[in-house]
Amino acid sequence: MTTPPSVIAWRSVTAALTLLILLFVFLGFAGYGPLTVLHQVTEPAYHALHLDRIGG
Amino acid sequence: VNGYYYFTYPVAAVIGCALTFGVALFAVALARALVVAPDLIAPAADQAEQAKARPVGPGEFAPDLCWPLYPFRQSRADVARAERNMALNNAAAWRAPVRSFFGDAMPFWWVVFPVPILIIVFLALASLASWCCYLVYALVTTVSAGVSRAVLGATAALLCAAERARRSRVRTDAACMRCFHVTPWPAYRCPACRRLHHDVRPGRLGVLFRRCACGTRLPTMASRAAWRVTPVCKRCKEELAPGAGAVRDIRVPVFGDISAGKSRFLYASLSSLIASAARAGLDVSFPDQHSQEQAEFGLGVIRSRRETAKTSPNGQVSLTVRLGRGRPSELVHLFDAAGEHFRRARRPDALRFLDDGQGLVYVLDPFSIESVRKGLGGANAPEVVAAHAAAGDPELTYDEVASRLRDTGVPASRGRLAVVVSKADLLRRAGLSLPDGSDEIAQWLWDHDVHNLVMSARRDFAEARFYAVASQEMPPGAPHDPGAPLRWLLTTHGVRLPADSDGPPGQPGASRPAGWRAPHRSGSGPGAGDAGRSHGRHAGASS
């Protein structure tokens, strides 16, 4: 049975909206802020392991 | 100084990979749910669900086989299918590691600790990301479907209200000429698959357009569908005139005794109506072959002044005339049946058309009135024989029909009745003349002992007018014009025809002749309609 064009259109719109929202979320997540937080959280660990001295 | 990057970057990369894997899990699930293997809610499945939720009652039709609008059903199916696919994808992603870490090969993997932990954390992150993506999709779909349902529902309700108001104002009921079924709107046949759509109102199947199960796009609302697809009677499946259910629809049954002149009146009045419409600049056409042939035959008989053949008791005359063209046109249905039927009018038979008439015409043969006959020299007088006088009592036929209407619960008190004294030209030729004007004709009937009919007609109907008409074609407005009763009934129902002026004699509203007797309010005269209405039964009623 052929899918009606209106169903294809509705699905395209909802999928596109979802994609747009996810794009915003992941771009924000991969941005500067999260990396800084990660750095601060892991600083005691890499200091204790002397990792901050490697390649310095 | 920058050594921490040796720790941070790999961790960030692993997290990024986990997130990407999660997004991929979601993308695959969504693609399968929407494109590759969707759960498509077909019209039959939706119809079955609707019928299950609201069982179809007697006399009702199952919901039409159409594709439901996406927000009303398919959106839920898509979200559910995406969720199922998500669960399957995640299960597939976890299956091998779980078997390895917690199955038979468990000892080996825990030797290489912390690899299993890293893989489990990686998969947990990926799963979390995939379900977050799904949550976003589900939220987007659910919220947009909810908002769309609200907007579409409100629009559909507004359109339905507008259509209902128009239907009530214009009186767009659709009448079938085959089974005489009258319905607020007919069914409409899909031009591609010939499937019937019984309810084309805006709703969950479409607001402005709907899509038939076969894929054909059809307009919603009777006022639009009636012009683009074929209207069909819901009861007998007969095709109706284009525009049925969208245009004004007026039904005028003609009844009377055998040989009263019903068929002749019908065609003579049709001829006059055609002339009136031409004066008003209105097109007159016959929307179906049957009506066209009936009209051509009947008008031919009238215009050539030949005698009308007796209507067969097995056949009925029902013809449809379209006044005007296109959307502003009007459909007028005229009904006639052999007089034999009206002598047993209470039987639930072929006289079904009487029940839905918006205005009735009762044809009375003046030669069937006893006092008239006596005045002419008896039933065998040459004038009476030449007029093919009706043999029965004119009041009995009326009583039969009035009783039928009462018995079937038809609110005749809201309708109009034209009492037509036929063969006025023959009566004049016999040396008797009928007066002019409705009240005067009523008085004439009263004086000739047909007072029960006069009284009953005025009591049973909201308005009753009395006419004298010739048995021949007459120009509109002429004395004894057969078209006057029909024009009165049609114009009172909103048909745009030139109104009969007060001038022409023989018509209601004509100036009253000298010596006219004012109606008696005591119930003993023809104008006693209001007083008579308070009585329970009219005199002479057979039941």
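Worth knowing before you read on, the calculation uses all heavy atoms, side chains too, and leaves out hydrogens, waters and symmetry mates. Numbers restart at 1 for each chain; the letters A, B, ... are given by sequence-line order, proteins then strands.
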Greatest number of heavy atom pairs closer than 4.5 Å to chain A - which of [options]:
| options | result |
| --- | --- |
| B:S148, B:A213, B:C132 | B:S148 |
| B:G215, B:P71, B:A27 | B:P71 |
| B:G16, B:C133, B:S75 | B:C133 |

Original post:
Cut-off 3.5 Å, side chains only: do B:Y70 and B:D78 have a donor facing an acceptor?
Top reply: yes
**OP:** Start with the C-alpha gap between B:I120 and B:W94, add the side-chain angles, then the distance that decides, and say whether side chain to side chain contact (heavy atoms under 4.5 Å, CB included) holds.
**Re:** CA-CA 9 Å; B:I120 287 171; B:W94 279 93; 4.1 Å; yes
**OP:** Give the member of A:S12, A:P5, A:S6, A:A15 that has the highest number of heavy-atom pairs under 4.5 Å with chain B.
**Re:** A:P5
Original post:
For the candidates A:A9, A:P4, A:A45, which exhibits the highest count of non-hydrogen atom pairs separated by less than 4.5 Å from chain B?
Top reply: A:P4
Original post:
So which of B:K52, B:R204, B:R76 actually passes salt bridge (charged side-chain N to carboxylate O under 4.0 Å, His left out) with B:D46?
Top reply: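 The salt bridge (charged side-chain N to carboxylate O under 4.0 Å, His left out) with B:D46 is passed solely by B:R204 among B:K52, B:R204, B:R76.
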Subject >> Proximal component of B:V23, with respect to chain A [non-hydrogen, under 4.5 Å] >> reply: side chain
Original post:
Using the ring of each side chain (for Trp, its six-membered ring), is B:Y137 parallel, tilted or perpendicular to B:Y134, with breaks at 30° and 60°?
Top reply: tilted
**OP:** Could you tell me which portion of A:T2 (side chain, backbone, both or neither) has an atom closer than 4.5 angstrom to a non-hydrogen atom of chain B?
**Re:**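 For A:T2, the backbone is the part near chain B, not the side chain.
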Original post:
Between B:L218 and B:Y188, is any pair of side-chain heavy atoms under 4.5 Å apart?
Top reply: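 A side-chain contact under 4.5 Å is absent here.
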Original post:
Just by modelled atom types, is the B:S223 backbone N or O under 3.5 Å from a matching donor or acceptor in the B:E163 side chain?
Top reply: yes
